[in-house]
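Down below is the structure, laid out as structure tokens.
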Amino acid sequence: MALVKIPAEERTLSDRSEVSAFLAGHGIDYERWTPTHELGAEAAADALLAAYAPKIDALKKRGGYVTADVIDVKPDTPNLDMMLAKFSREHWHDEDEVRFIIEGRGLFHIHPASGPAFANEVEAGDLIRVPRGTHHWFDLCVDKRIRAIRLFQDVSGWTPHYTDSGVDKGFEPVCFGPAYVARA
Ligand SMILES: [Fe+2]
């Protein structure tokens, strides 16, 4: 279940309908997905894509996404710090950033054109769609683990354009969810 934290307003949202409504107000789609059948923890990428195929296909039609893949990041992933550093500075993309979290968790910070930046922590079962052009940055939690399905409109379009605003420096890249706290 995703959480939202708005530091400027000293507010944290954990109620599902409140989180959805808040994100929708910023153009961000948020859904909870369940697989068509049970999957083992080590299910192969193809099996994962098949188990979520109805949801993926519906989203592809809605958003014009043409491909889907599975990204698997672990603490021992080669060049992990370099990879993460690419996305932990405020940036935007020419296409939507669509992620369905299968395992692990992550922390998006979203910086709307009007209004303060906020954190959106996502975990397994969360689908998030950040529209193209939205200023944002992303960090993993302390356990450095995430497995996620990604959808693309055009793979070549998914490169970060940095704002170099420095806004990201004012935010702690620290996850705050109860499940995370319990596991840490
Ligand atoms: Fe991004």
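The analysis underlying the following values was restricted to heavy atoms, covering all of them including side chains, and did not include hydrogens, waters or symmetry mates. Bear in mind the structure is a predicted one, so any value in this text is a computation, not a measurement.
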- prompt: Just wondering, more than 12 heavy atoms not from E9 lying within 6.0 Å of its CD?
  reply: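 Yes, the 6.0 Å shell around CD holds more than 12 heavy atoms from other groups.
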
message: Below 30° counts as parallel, above 60° as perpendicular, anything between as tilted: where do the rings of H26 and F22 land?
response: tilted

If you group Ile, Leu, Val, Met, Phe, Trp and Tyr by side-chain heavy-atom gaps below 4.5 Å, do [X] and [Y] land in one group?
X    : Y    : value
I128 : M1   : yes
V122 : L84  : yes
I110 : F171 : no
F138 : V19  : yes

All ring pair (Phe, Tyr, Trp, His ring centres under 6.0 Å) counterparts of H111, not counting sequence neighbours: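 Partners of H111 by the ring pair (Phe, Tyr, Trp, His ring centres under 6.0 Å) criterion come out as none, since no residue qualifies.
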
task: For F100, check ring pair (Phe, Tyr, Trp, His ring centres under 6.0 Å) against everything at least two apart and list the hits.
output: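 By the ring pair (Phe, Tyr, Trp, His ring centres under 6.0 Å) rule, F100 matches W33, Y52.
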
Hey, is the main chain of [Y] close enough, under 3.5 Å, to the side chain of [X] for a donor-acceptor pair?
X    : Y    : result
E121 : G177 : yes
D15  : E18  : yes
Y162 : K86  : yes
S20  : R16  : yes
D126 : A2   : yes
D168 : E90  : yes

Give, for atom [atom1] of [X] and atom [atom2] of [Y], the distance between the pair rounded to the nearest 0.5 Å.
X    : Y    : atom1 : atom2 : answer
L59  : D29  : CG    : CG    : 7.5 Å
I101 : I149 : CD1   : CD1   : 9.5 Å
F108 : F87  : CZ    : CZ    : 10.5 Å
D81  : K144 : CG    : NZ    : 6.5 Å
D72  : I146 : CG    : CD1   : 10.0 Å

Verdict with reasoning, E123 to R105, per salt bridge (Lys or Arg N to Asp or Glu O under 4.0 Å): CA-CA 4 Å; E123 66 174 13; R105 53 183 54 236; 2.2 Å; yes

- prompt: Side chains of D96 and Y65: donor-acceptor distance under 3.5 Å anywhere?
  reply: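 Yes, because at least one side-chain N or O of D96 sits under 3.5 Å from a partner of the opposite role on Y65.
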
- request: Establish, from distance only, whether the side-chain atoms of H161 and D94 form a donor-acceptor pair under 3.5 Å.
  value: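 Yes, because at least one side-chain N or O of H161 sits under 3.5 Å from a partner of the opposite role on D94.
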
D69: partners by side-chain hydrogen bond (donor to acceptor under 3.5 Å, both in side chains), with sequence neighbours left out: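 Listed in chain order: R150.
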
task: Take E103 and R145, measure what salt bridge (Lys or Arg N to Asp or Glu O under 4.0 Å) needs, and give me the verdict at the end.
output: CA-CA 7 Å; E103 193 185 330; R145 174 68 178 132; 3.3 Å; yes

query: Quick one: do E31 and R62 make a salt bridge, cutoff under 4.0 Å?
result: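 Salt bridge between E31 and R62, a charged N being under 4.0 Å from a carboxylate O: yes.
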
message: Ring of F176, cation from K5 - is the NZ or CZ under 6.0 Å from the centre and inside 45° of the axis?
response: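 Yes, a cation-pi geometry.
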
message: For a salt bridge (Lys or Arg N to Asp or Glu O under 4.0 Å) check, start with the C-alpha distance between R89 and D164, then their side-chain angles and the critical distance, and finish with the verdict.
response: CA-CA 8 Å; R89 287 160 52 204; D164 292 325; 3.1 Å; yes

message: Would you say the ring centers of H91 and H136 fall short of 6.0 Å from each other?
response: yes

query: Between W92 and R132, is any pair of side-chain heavy atoms under 4.5 Å apart?
result: no

Residue from L127, L48, L151 passing side-chain contact (heavy atoms from CB on, under 4.5 Å) with I56: L151

